[in-house]
Amino acid sequence: MQWLFREDRAAQSLLNKLIRSNLVDTTNQVEVLQRDPTSPLYSVKSFEELRLKPQLLQGVYAMGFNRPSKIQENALPMMLAEPPQNLIAQSQSGTGKTAAFVLAMLSRVEPGNKYPQCLCLSPTYELALQTGKVIEQMGNFYPELKLAYAVRGNKLERGQKISEQIVIGTPGTVLDWCSKLKFIDPKKIKVFVLDEADVMIATQGHQDQSIRIQRMLPRDCQMLLFSATFEDSVWKFAQKVVPDPNIIKLKREEETLDTIKQYYVLCNNRDEKFRALCNIYGAITIAQAMIFCHTRKTAGWLAAELSREGHQVALLSGEMMVEQRAAVIERFREGKEKVLVTTNVCARGIDVEQVSVVINFDLPVDKDGNPDNETYLHRIGRTGRFGKRGLAINMVDSKHSMNILNRIQEHFNKKINKLDTDDLDEIEKINN
DNA sequence: AAAAAAT
C-alpha cells in the first residue's frame, strides 16, 4: 500500500512536469523543438533544480538572480543535459539570454585545466567587454578560473599559449588567436557560444569569420546560438550549420516587447529633425537616452551640433580607438553622460539600466535601403530591459523614411503612433 | 552602411 502510494506520487510529479512543459509548448509564446522529440520537455522553476556546482550557484545568487527567467527555464535544462546538446534559442531583448549561456559555459568548464575550454563570440568590442564582466561575476567563486579577452588592442607575446579557461572575443581577433597566432587550441574547446547569433552567421554580418572558427572546433563541441531575432533565411542557415539542435523560437507577434512604447516624429529634413530633437531634449534626459544614426559621419555631426547647443553628449562609433571606446561606454554606464550618440555598433546587447529612451535619428536600413527590421528591434531593445518600461522615438524626415517606418510597422504588426513635439507628456509618463 | 584583423 505504502509502495503504491509512493509510486503514485512519482507518477503525479512526472505528470505535473509534462503538464507544465505542455503549457510552455501551447501558450503560443514560444515554439520548443527538441532534437529528440520523444524525450519529455523539461523546464525548471528554480536554480536549485539544476544541481549546479555550489560555487556556480553562489555566483548566480551573488548577481542577484533569484529565479530563472522564462528563457532560462526552458534553455538551461537543454544546455546542461548529458551528453551535451546543441541549442538555437530566440528570446526578446533584456530577458536574460547572457546569464543563460554564461551559466552553461561555467557548468562545463574545468578550472584545473589551464587552457581554453569555452569560447564565446560577440559582434562588437563593447558587447564583448560587457559579457566578459558577466562571466567574471558569475564565475567569481571559482578560485582558479580566468577569462581572456580576444578583442582588438589586446596584444600578446608571439608563441604564447593562453592558460585562461574561458575566452570572450570578437570574430577577427578570435580567428587570429585560433589560426595564425595559435594562442588558442580550438580542438580543446568544449562549448562554443555565438551571442547575437543571427548577425554572427548572416552573409552581410560576420559569417565568414564565425564559420571559419566553427570549422576548427572538435565535432562534439557543444554549440549554443542566442539572439532576439532570426530572420527566416538565417533560421534555415543556422539549422544547417548546427548539428541536431534543440530549438526555442518566438512567434512573430511575441518578438516585440509591449513594455516599450513606440512613436514617430514627422519632419521634412535633417535640420528639422535636429530642432525636434532639441525640443524633446529636456524630456529625454530625465533618465538616459541613446540616439542612433545611420553613419559614423552623421553621428559625429549630431554629437557636435548638440554640443554646440550646450548639451553634454557622448559619441561612440567604430572609427574611434578601442581605448577611447571603452572609456566612453564606461562613462555612459556611470551616468556621467546622459545621452549617447552612436551607430549600429551599440544596436545590439548593450545593457545600461538607466536608458529609458531610444531615438532613431535615422531609421535602420540595410545596404540596399530596405528596412532593417532586426536592427530596429535590437535598437529599441536597449530600453525596456527586464520588464522595465521604455520609449522609442523614430524621427521621420521624408516620404521615403515614412514608407520605411510603415513597412517596419507592418512587419511586426504593431502600430507606431505620431508624437507631437509640443506634447511631451508621454515621455514624462515613462520616467516616473 | 557598420562592424569585424596583429592584415
Side-chain angles (χ1 to χ4, degrees), chain A residues 119-132 148-162 167-184 186 194-214 216 227 229 231 234 270 290-303 315-326 328-329 340-350 360-379 382 397 400-401 404 408:
Chain A
L119 174 60
C120 177
L121 290 190
S122 297
T124 64
Y125 173 77
E126 287 77 14
L127 189 55
L129 296 191
Q130 176 181 292
T131 306
Y149 289 85
V151 294
R152 221 146 81 182
N154 191 0
K155 305 206 167 146
L156 305 179
E157 235 173 88
R158 287 212 174 265
Q160 194 181 334
K161 280 260 186 268
I162 63 171
V167 178
I168 172 89
T170 41
T173 308
V174 169
L175 187 56
D176 267 4
W177 285 25
C178 286
S179 54
K180 198 173 63 185
L181 302 172
K182 299 210 170 6
F183 294 150
I184 299 172
L194 284 177
D195 192 11
E196 307 296 344
D198 58 332
V199 80
M200 301 305 282
I201 61 168
T203 333
Q204 337 74 295
H206 303 285
Q207 186 181 65
D208 286 8
Q209 290 167 327
S210 300
I211 298 300
R212 280 179 66 192
I213 293 165
Q214 188 220 355
M216 302 166 80
S227 184
T229 54
E231 194 211 353
V234 177
R270 192 173 78 167
M290 290 173 77
I291 304 178
F292 288 97
C293 301
H294 188 52
T295 64
R296 301 164 167 190
K297 199 177 151 202
T298 309
W301 168 84
L302 182 58
L315 171 67
L316 181 51
S317 82
E319 67 189 339
M320 294 157 59
M321 307 283 285
V322 282
E323 299 79 13
Q324 201 184 353
R325 288 169 61 169
V328 168
I329 194 80
L340 181 66
V341 180
T342 187
T343 61
N344 277 343
V345 68
C346 286
R348 287 167 172 262
I350 297 303
N360 286 322
F361 191 79
D362 299 314
L363 297 179
V365 292
D366 63 20
K367 62 172 170 43
D368 304 318
N370 290 315
D372 186 343
N373 299 307
E374 287 69 38
T375 300
Y376 180 83
L377 206 57
H378 284 278
R379 281 185 181 180
R382 296 317 92 220
D397 62 7
H400 175 69
S401 64
I404 304 264
I408 292 173

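Here is how names work: the chains are called A, B, and so on, in the same order as the sequence lines, proteins then strands, and each is numbered from 1.
- A:Thr170 places no side-chain N or O within donor-acceptor distance of the main-chain N or O of A:Gly172, the cut-off being under 3.5 Å.
- Within the nucleic acid shown, A:Leu156 comes within 4.0 Å of at least one base atom, counting heavy atoms only.
- Side-chain atoms of A:Ser401 come within 3.5 Å of backbone N or O of A:Asp397 as a donor-acceptor pair.
- At the heavy-atom level, A:Gly153 lies under 4.0 Å from the strands shown only through sugar-phosphate atoms.
- Residue A:Arg212 places no side-chain N or O under 4.0 Å from the OP1 or OP2 atom of B:dA4.
- Note on A:Arg348: nothing from the nucleic acid sits closer than 4.0 angstrom, heavy atoms only.
- With rounding to whole Å, A:His294 atom NE2 is found 4 Å from B:dA1 atom C1'.
- Atom P of nucleotide B:dA1 and atom CG of A:Leu363 are separated by 16 Å, given to the nearest angstrom.
- OP1 or OP2 of B:dA4 has at least one side-chain nitrogen or oxygen of A:Arg152 nearer than 4.0 Å.
- Of the candidates B:dA2, B:dA4, B:dA6, B:dA2 carries the atom nearest the A:Thr295 side chain, counting heavy atoms from C-beta on.
- At the heavy-atom level, A:Phe183 lies under 4.0 Å from base atoms of the strands shown.
- Between B:dA3 and A:Thr343, a contact under 4.0 Å exists linking OP1 or OP2 to a side-chain N or O.
- Residue order along DNA chain B, read from the 5' end via each residue's closest nucleotide, puts A:Glu126 first among A:Lys180 and A:Glu126.
- Relative ring orientation between A:Phe361 and A:Trp301 is described as tilted, the plane-to-plane angle lying within the 30° to 60° band.
- A:Lys297 NZ: 12 or fewer foreign heavy atoms inside a 6.0 Å radius.
- The CD-P distance, from A:Gln204 to B:dA1, rounds to 14 Å in whole Å.
- Each of B:dA6, B:dA4, B:dA3 was ranked by its minimum atom distance to the side chain of A:Pro171; first place goes to B:dA4.
- Every residue was checked against the salt bridge (charged side-chain N to carboxylate O under 4.0 Å, His left out) condition with A:Asp372, not counting sequence neighbours, and none meets it.
- The distance from atom CG of A:Asp195 to atom P of B:dA3 is 18 Å, rounded to the nearest whole Å.
- For A:Arg296, counting side-chain heavy atoms from C-beta on, the closest listed nucleotide (B:dA2, B:dA6, B:dA1) is B:dA2.
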